[in-house]
Amino acid sequence: MVAAKRGGNSASYRPSAVAEAGWPDWIDPAARRRLQEAIRHDRIGHAYLLSGPKGVGKALAAQAFAQALCCTNEDREDRSAACGSCRACRNVQRGAHPDVETFSLETQAKLADKPGGGSTLTIDTIRRLRSSGATFPLESDRRILIVDDAETLLEPAQQALLKTLEEPPKSVTLLLLADEPEALLDTVRSRCQEVSLRPIPRTAVTQALLSRGVADALAEEVATLSRGRAGWALDAIADKKILNARREERESAVRWLKSSLYERLVTAYTFGDQFGNLKRRSEVVGVVQAAIELFREEMLAAAQDTVHDSEAGGRSVPALSFSRAIAASLQCLSDLDSNVRPRLALEAMVVAWPTLEPRDR
Ligand SMILES: [Zn+2]
């Protein structure tokens, strides 16, 4: 069962009014290549499912794709990449192109005049999409309809969407963006070309931030906290609250890892008991994810035998122990997602963690 999304994604990175040429350099290169190849070879499908973890840059990829298709600049060397400066490019950028329309929790809330309201895309929204798909493109060869937050579509809405997918209007390309593609019906999924976007290396996130004028230290920190998700990193730069929440998760994970086995178990039980509360639930998951990252960093440092200013203090622990800890923590996340009792899932995880010697600073 997929947890419903709350509050829309109003915090998602919305590019500035200045359009950028081509594709953002931080989009998963494999996904980017696939979409560009489709344009180059005139094999643009009727429906794509862009999947990947929240904040990985699906909306940015969808926008770059739409922009490349709508760009009217005849002097482009590569027509799979937008020029970024023509009127069409700028209009896609500001969400004002007549042939590119986005349907998301945010647009749905705006239409209903209910800020933050609604955690699922409704059947009415899909009806709007259907009628939008039935109109002819005005300026481009096709209409590009983007369904963000597609994982929140409940079954009746997905069935309605399926009708469009089964008989796609000729001039329409549908882009479904989903954090959790497994929330979609197999019948929906199988009618889309799935392009999954993976997180990118931390250094690539740092570069993306530096090239946007973010100061060195902040770029490094945000990249470390980004889990390889450039979309999240850009959100975090724009909104301090997002950044601070992630900082707290990491600090909480550091304290948890540094504590004794007894204290680790106490924390695990406390988190387990809080798991019933929806708000606390995502925080608990966030802290476990932060712990996984800390183990990954420790493992890398141990494998490279580098002098590493370790936050968790695990320099004397062999790399293998960290990979076991990571496996146990991933198992815990998977258990928390299914029906395992939270206390048990968290307990099994912490007993698999290696003991970390607190280092003198
Ligand atoms: Zn252009």
Side-chain angles (χ1 to χ4, degrees), residues 1-15 24 26-28 30-32 48-64 102-109 116 118-121 146-154 175-184 189 192 194-202 204-205 208-209 222-250 253 278-293 296 329-330 332-334 336-337:
M1 180 67 200
V2 175
K5 214 177 224 183
R6 277 157 291 133
N9 67 347
S10 54
S12 284
Y13 176 64
R14 290 287 171 263
W26 60 80
I27 303 265
D28 176 5
R32 171 183 163 169
Y48 291 91
L49 168 59
L50 306 192
S51 62
K54 190 175 168 59
V56 82
K58 299 182 291 293
L60 296 166
Q63 180 179 295
T102 297
F103 301 82
S104 65
L105 291 177
E106 192 184 344
T107 62
Q108 183 178 277
S119 59
T120 60
L121 288 175
I146 301 169
V147 183
D148 203 348
D149 311 310
E151 72 282 352
T152 70
L153 288 162
L154 297 181
L175 299 175
L176 306 182
L177 318 186
D179 300 347
E180 289 139 353
E182 54 284 351
L184 296 171
R189 239 176 133 172
C192 300
E194 188 162 348
V195 179
S196 68
L197 283 84
R198 292 157 311 167
I200 55 170
R202 183 173 55 84
V205 181
L209 295 175
V222 171
T224 301
L225 294 173
S226 72
R227 297 168 192 160
R229 302 170 194 190
W232 179 88
L234 293 160
D235 285 350
I237 292 294
D239 184 348
K240 265 264 153 36
K241 267 195 283 185
I242 296 175
L243 178 58
N244 285 337
R246 186 67 60 92
R247 279 176 174 151
E248 279 166 28
E249 283 170 9
R250 188 174 169 97
L278 207 57
K279 184 177 177 294
R280 288 293 297 152
R281 174 176 303 201
S282 65
E283 288 169 20
V284 172
V285 168
V287 176
V288 174
Q289 282 170 334
I292 293 172
E293 273 143 43
R296 284 207 173 112
S329 309
L330 290 171
C332 172
L333 287 179
S334 152
L336 289 175
D337 228 14

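The structure presented is a predicted model; accordingly, all values stated were derived computationally and were not measured. Counting from 1, the numbers follow the sequence of the chain as shown.
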Exercise for the section: Look only at the side chain of Asp149 and the backbone of Leu105, and say whether a donor-acceptor pair between them is shorter than 3.5 Å. Expected result: yes
Exercise for the section: Mind checking the CD1-CZ spacing from Ile242 to Arg247? Nearest 0.5 Å is all I need. Expected result: 12.5 Å
Exercise for the section: From the options Val147, Thr102, Ile146, select the one residue that forms a side chain to side chain contact (heavy atoms under 4.5 Å, CB included) with Leu177. Expected result: Ile146
Problem - Salt bridge Arg296-Glu293, side-chain N to carboxylate O under 4.0 Å - result: no
Practice task
Determine, for Lys58 against Glu180, whether the closest basic-nitrogen to carboxylate-oxygen distance falls under 4.0 angstrom.
Solution key: no
Practice task
Could you tell me which non-hydrogen atom of Cys192 sits nearest to which non-hydrogen atom of Leu176, and how far apart they are?
Solution key: SG-CD1, 3.8 Å
Practice task
Please round to the nearest 0.5 Å and tell me the distance separating atom CG of Leu154 and atom OG1 of Thr152.
Solution key: 7.5 Å
Practice task
To the nearest 0.5 angstrom, please state how far the CG atom of Leu121 sits from the CG atom of Asp148.
Solution key: 8.5 Å
Exercise for the section: Find the distance between CG (Asp235) and OG (Ser226) and round it off to the nearest 0.5 Å. Expected result: 11.5 Å
Completion exercise
On a heavy-atom basis, the closest approach of Ala183 and Glu151 is CB-O, 3.7 Å
Completion exercise
For Ser196 and Asp28 the tightest heavy-atom approach is O-OD2, 3.6 Å
Practice task
Quick one: closest heavy-atom pair of Ala61 and Leu50, and the distance?
Solution key: CB-CD1, 4.2 Å
Problem - Greater than 12 external heavy atoms within 6.0 Å of Arg198's CZ - result: no
Completion exercise
Rounded to the nearest 0.5 angstrom, the CD1-CD1 distance for Ile200 and Ile27 is 8.5 Å
Problem - Arg227 side chain near Arg202 side chain, heavy-atom distance below 4.5 Å - result: no
Handout entry: Over all atoms of both residues, closest heavy-atom pair of Ala291 and Ala253
Key = N-CB, 3.7 Å
Exercise for the section: Report yes if some heavy atom in the side chain of Leu209 is under 4.5 Å from a heavy atom in the side chain of Val205; otherwise report no. Expected result: yes
Practice task
Looking only at non-hydrogen atoms, find the nearest pair between Ala236 and Leu243 and report the distance.
Solution key: O-CB, 3.8 Å
Exercise for the section: For residues Arg189 and Glu182, determine if any side-chain heavy atom of one lies less than 4.5 Å from a side-chain heavy atom of the other. Expected result: yes
Handout entry: Pairwise side-chain contact, Trp232 with Arg246, heavy-atom cut-off 4.5 Å (strictly under)
Key = yes
Handout entry: Spacing of Leu175 atom CG and Gln63 atom CD [to the nearest 0.5 Å]
Key = 11.5 Å
